[in-house]
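Note that the coordinates shown come from a computational prediction; the quantities given were computed from them, not determined experimentally. Chain letters run A, B, ... following the sequence lines, proteins first and then strands; every chain starts at 1.
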There are 2 protein chains.
Amino acid sequence: MKNRIKVLRAEQNITQAQLANRVEVSRQTINAIEKGKFDPSLPLAFKIARLFNLKIEDIFQDEE
Amino acid sequence: MKNRIKVLRAEQNITQAQLANRVEVSRQTINAIEKGKFDPSLPLAFKIARLFNLKIEDIFQDEE
DNA sequence: TGTAAATGTCAAGTTTTGTTTACATTTTAT
DNA sequence: ATAAAATGTAAACAAAACTTGACATTTACA
């Protein structure tokens with residue numbers, strides 16, 4: 001599962017740590033998701049999408 | 001996290017078992033999600049949304 | 001150039017998601 | 001009324017998401 005979080009952060013000038021705080025997970029979790037190490041839970045995906053005012057599908061792309 | 005899976009199944013006349021087969025999880029997993037016992041993983045949410053030709057947000061509603 | 005902030009990564013542990021098996025209850029149709 | 005299909009539920013387990021803590025590497029900029 002790919003995602004555009006890194007780009008969205010860059011657009012908004014937000015660090016991994018700041019994003020982590022705002023969606024209430026650890027910085028390592030954001031890092032791992034960005035690097036594709038694992039997928040966020042559905043509730044976390046919702047939080048991230050809401051933060052960027054985007055649909056989940058606009059941030060995460062299923063790849064199979 | 002609420003969802004409209006039961007209604008969507010009814011509309012399409014699909015059983016839990018049939019839906020489970022098509023998204024490649026167990027029937028009990030579909031049942032548990034419908035009953036709100038837990039949330040699906042993000043990849044599973046994508047599969048379900050794709051099956052019904054809907055956005056994830058049109059099926060699952062975050063309630064915090 | 002140096003140093004602070006940001007990012008990457010790893011290991012060990014907890015929590016949540018999902019499976020399997022098995023059985024009970026409800027619904028549907030004959 | 002009965003049989004079959006569909007749904008509900010529970011326990012024990014496996015797998016994936018997430019945490020904490022620690023340290024190494026990269027980036028930005030005074």
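A/N21 meets the side-chain contact (heavy atoms from CB on, under 4.5 Å) test with no other residue; sequence neighbours excluded. Every residue was checked against the salt bridge (Lys or Arg N to Asp or Glu O under 4.0 Å) condition with B/E11, not counting sequence neighbours, and none meets it. Taking the side-chain contact (heavy atoms from CB on, under 4.5 Å) definition, one finds that B/Q28 meets it with B/S26, sequence neighbours left out. When the side chain to side chain donor-acceptor pair (under 3.5 Å) test is applied to A/N31, the partners found at least two apart in sequence or on another chain are A/Q16.
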Under-3.5 Å N/O pairs linking protein and nucleotides 22-30 of chain C:
from, atom 1, to, atom 2, distance (Å)
C/dA22, N6, B/Q28, NE2, 3.0

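Sorted by first and then second residue, the salt bridge (Lys or Arg N to Asp or Glu O under 4.0 Å) pairs involving residues 12-30 of chain A (not counting sequence neighbours) are A/E24-A/K47. Residue pairs that meet the salt bridge (Lys or Arg N to Asp or Glu O under 4.0 Å) test with at least one member in residues 35-45 of chain B, sequence neighbours left out, do not exist here.
Across residues 1-20 of chain B, not one residue has a non-hydrogen atom less than 4.0 Å from an atom of DNA chain C.
Within the 4.0 Å cut-off from OP1 or OP2 of C/dG18, at least one side-chain nitrogen or oxygen of B/S41 is found. Contact check, B/K37 against C/dG18: no side-chain N or O comes under 4.0 Å of OP1 or OP2.
In this structure, B/L44 places its CG atom 14 Å from C1' of C/dT16, rounding to the nearest Å.
Contacts between chain A and DNA chain D, taken as any atom within less than 4.0 angstrom of a protein heavy atom, begin and end at D/dA17 to D/dA22.
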